[in-house]
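Structure first, commentary second.
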Amino acid sequence: MPQTPSQFTELPPIQDSLITKSSEVELATAKDCLPLLANPEGRLNSFGLPHLNRAGHITFLRSNLEDLLPRGFTAADASRPWMLYWALSGLSMLGDDVTDLRDQVVSTLTPMQNRDGGFGGGHGQLSHLATTYASVLSLVTVGGYAALNLINRKTLWHWLGHMKQGDGGFTMCEGGEKDIRGAYCAMTVISLLNLPNELPPEAPARADGVETFLAKLPEWISSCQTFEGGIAGAPTNEAHGAYAFCALACLSIIAPPNESIRRHIDIPALISWLAYRQCAPEGGFAGRTNKLVDGCYSHWVGGCWTLISAALQSEGSADIWSREGLTRYILCCCQGSAGLRDKPTTYPDGYHSCYVLAGLSAAQNVFKFEVDEKLLGVTPGTAAYGWTTVGQANVPGDEEDRIIPVHPVLVVPFERAAECRGYFESKIGF
Amino acid sequence: MSYSASPLWADIVPLPQDDGPGQPLAAIAYSEKYSEAMSYLRAVMASNEMSERALDLTSDIIALNPAHYTVWLYRVRILLTLKKDLHAELSWMNPVALVHLKNYQIWHHRQTIINALNNPDGETDFISKMFAKDAKNYHVWSYRQWLVKRFSLWDAGELEFTEQMLKEDVRNNSAWNHRWYVVFGRGDEAFADPDIVMREVFFTQQSIRLAPQNPSPWNYLRALARRASGPAALPLSSLQPFANTFAPLSAPDAVKSTHALDLLAEIHSENEADKDKAYQALELLATRYDPIRANYWNYRRATLEGVKTV
C-alpha cells in the first residue's frame, strides 16, 4: 500500500511560537484529524484510505427525508426545502435513484409555494430566495414534468422582479438582506426555468433605470471582491469561500466563464486567495483566512477551481490545487458511520453531506466548458449549459469510491439540468 | 395557557399546517405548543393583523424557533406600524442575540430597529459582548460595518477598536478586514495619503513580527502595495528588505514565513535579472515549506516561464 505523504501526517514545518485563540483551535483541529489521516481504520481502498461509505450515507440521507425528524429539528422549520434539496442532491451523487420520491417532493412543496410566486420555508412562510432556490432545485433533481409543472413560472418571475435592486444586486426576500447568495439563487432559478431577462413592468428597480435581471449585476458582483483577493457576501465584508462560489457560479450563468470571470474578477488575486484556503495537514478547505477546515467548503471552495479552470481555459493542464488533499480529507475525516460532516468532532447532517459530496465530485472529475456561440445571448443563463465531464482526475480513490458528477454551476445532476431547461425552452410563453 | 383556551384569541380560527396531499418529506415532530402558535401565526398573517396580541405571538414563536425569518419580518412590521417603543424592543432582543450567536435574522432585525431609532448609542458596547463569545461572527462584523457607515462613526474610536481586537488575537482576520474598511472605506483618497499608508505599513509590519506565519497581515501589506498611489505609492520591491528578514534566500534553512517567500517570489518575478530568485522561492515553497500548495506554486512558476494563462 502506498505510503501517505508526510504533509498529511505531520504539522506544517513552520509554526509560530505566539499562541492566540485562533492558533489554539487550529492546532486542536489538526490533532483531531492527524490520526485519521495517518492511520485510517475500517475497510480501506488501494491507496490506504477508507472507502466511500456509500450505503451508510444513502441510509442517512433517506432517513433525513423519510423519517419524522425529532423535535430538535424545529430550528430547521424555516429550511425544509433545503432539507429536501441537500438529501436529494446527495442521494443523486451517490447513485441512489430518487425518482421514487417525486410525488412526495411535489406534495411536500405544494403548500410552500406562495401566491406571490416564491417558495417559503414552509406552509404560510414568506417567499424567500434561498428557499425558492432549494425548492426549484429539489424539483429539478427528482425531475419529470409533474415536478417541473408545479412551479408557477409567471408569478415567480414577477416575484423575482421585486428582489432585484437598483444597484444590480438582489435581496433575499421582501424587506430582507441583500447579499451575493441572492444573485446566485436568482440567476440559477432564472436559468433553469428559462425566465425572461426583462424585469416585470412593476419591478421597483425600474425606477433606477434597471430594466433587466442582468443589469449592473456583474459590476455588483465585482464590487464584492475584497483587498484579500477573495469575495465577500456584500461589498466591503470579509472574503468568504461560500460567497466566492456564489459569485463565480453566478458569473458563469451570466456568460461563459472565460468572458465574465475574466472581465469582472481579478483572477490572480482570487487564485492566490483560493489556494491559501486549502489547509495543511488536513487537506480540506477553510472558508476564510485563519478559520478552520470544514467539509462544506469542499464544494464552496473546491467547486471554484472548476470555474477558474474554465475562466483560464486551462482544462486538462496541470491542476492549481490539490485534489489529493481534498480527497484525503473527505474520505478520512468527513465520514461518520453514516452521513458526512464538517470535521471529526461534529455530527453529520444533510447540509454537510450534500456539499462534501459535491466537493468530492469536483475533486474526482475534470470538467470542460464549451458552448455553442450561437446559443449565447438569446436568453439569459444559456452559458450554464456548456459543461461536460471530460475525464476522471487522478485521486486516491478506487472505482467504488467514485460518485456521479454533479453540474459544477447548477449543482444538480447533469441530465436533470438539461431536461429542465429543455422542457421550458420548448414552451411558448409561460 | 394555550391560544385555543385564551379569550384573547377566541375570534381567530387557527390555520393548521398544510402538509400537502401526500406523506410529507423532512417532516418535523413539532411540540404542540409550537404547532399551535404557528397555526395562529398563519391566521393573523393571512389577515395582515397589526396588533399587540400578534406581537406577543411573534415573541412566543421566536422563543421556540429564533431561526424563523418570517416571524422576524412580520414582527418588525407590527413594531413600526404600532409605533412601539423600539428601545424596549432592543432590551427584549439582546438576550436572544447573545444565546443564538449564528442567527442572522436577529442582526437584520437589529439593523432595521437601530435605523428607525436613528441612534447608535450603546450598540458598539453590545457588539463587544458578542465578540467576547465569537470574535469572528460574520453577521456581527457586517452589522458593525453598517453601523459605522450609517452613523459616520469612522473616527469614533473604530481604529483603536480594531487594534484592541488584534491585540487579543492578531490572527483575527475579521478584525483585519474591519481595519481595512475603517481606513479605506470612506473613499480612495486614503490610498494617496502618505501618512495613512505609512501608518498602516508600520502597524502591519509590527504585527507580522509577532507571528511571521500569520497570513492576515501579509495579505493586508500586499494589498497596501497594490492600492497605494500617488505620493503614497508603495512599490512592491520596497518590501523586499522586510520580506528578506523572514525568508533569506541565501539561508533557506532559516525561513520563518511562507508568506515572505510568496512575496519575494512576486517581487523577484518583476525583474528579469532576478527571476532565478523567484524560482528558488517558489521551489522552496513547493517542495519544502508549503507542499499542500505545490500545484499552485508550480502554476506560478509556469506563469513566470511565460506560459501566459491570464
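All chains are named by letter (A, B, ...) in the order of the sequence lines, taking the proteins before the strands, and each is independently numbered beginning at 1. These numbers come from the heavy atoms of this one structure, side chains and all, not from hydrogens, waters or symmetry mates.
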Which atoms of [X] approach chain A - backbone, side chain, both or neither, heavy atom under 4.5 Å:
X: B/Ile28; result: both
X: B/Asn177; result: both
X: B/Val71; result: neither
X: B/Trp72; result: neither
X: B/Leu224; result: neither
X: B/Val76; result: neither
X: B/Lys256; result: backbone

Given a strict heavy-atom distance threshold of 4.5 Å, which part of A/Arg71 is in contact with chain B: side chain, backbone, both, or neither? both

Between A/Ser6 and chain B, with a heavy-atom cut-off of 4.5 Å, which part of the residue counts as in contact: side chain, backbone, both or neither?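 For A/Ser6, there is no contact with chain B at all, as no heavy atom is under 4.5 Å.
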
Anything under 30° is parallel, anything over 60° is perpendicular, the rest tilted; go ahead and classify A/Phe227 against B/Tyr220.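 Judged by the thresholds at 30° and 60°, the geometry between A/Phe227 and B/Tyr220 is perpendicular.
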
Side chains of [X] and [Y]: closer than 4.5 Å at any heavy-atom pair?
X: B/Arg171; Y: A/Asp16; value: yes
X: A/Leu18; Y: B/Leu210; value: yes
X: A/Gln15; Y: B/Gln213; value: no

Would A/Thr74 and B/Asn65 count as a side chain to side chain donor-acceptor pair (under 3.5 Å) if you check the C-alpha gap in whole Å, the side-chain angles of each, and the deciding distance to 0.1 Å? CA-CA 7 Å; A/Thr74 301; B/Asn65 179 15; over 6 Å; no

I need the B/His108 NE2 to A/Cys173 SG distance, nearest 0.5 Å.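 The distance works out to 6.5 Å.
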
Starting at CZ of B/Arg293, measure out to CD of A/Gln278 and round the result to the nearest 0.5 Å.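 Taking CZ in B/Arg293 and CD in A/Gln278, the distance rounds to 7.0 Å.
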
Taking atom types as modelled and ignoring hydrogens, do the side chains of A/Ser22 and B/Lys136 form a donor-acceptor contact shorter than 3.5 angstrom?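 Their side chains do contain a donor-acceptor pair, which is all the 3.5 Å distance test asks for.
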
Are a donor atom and an acceptor atom from the side chains of A/Tyr276 and B/Asp262 found within less than 3.5 Å of each other?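 Indeed, the side chains of A/Tyr276 and B/Asp262 share at least one donor-acceptor pair under 3.5 Å.
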
Heavy-atom closest pair, residues B/Tyr69 and A/Gly120: OH-CA, 3.4 Å

If contact means a heavy atom pair closer than 4.5 Å, which residues of residues 138-147 of chain B contact chain A? B/Tyr138, B/Ser142, B/Gln145

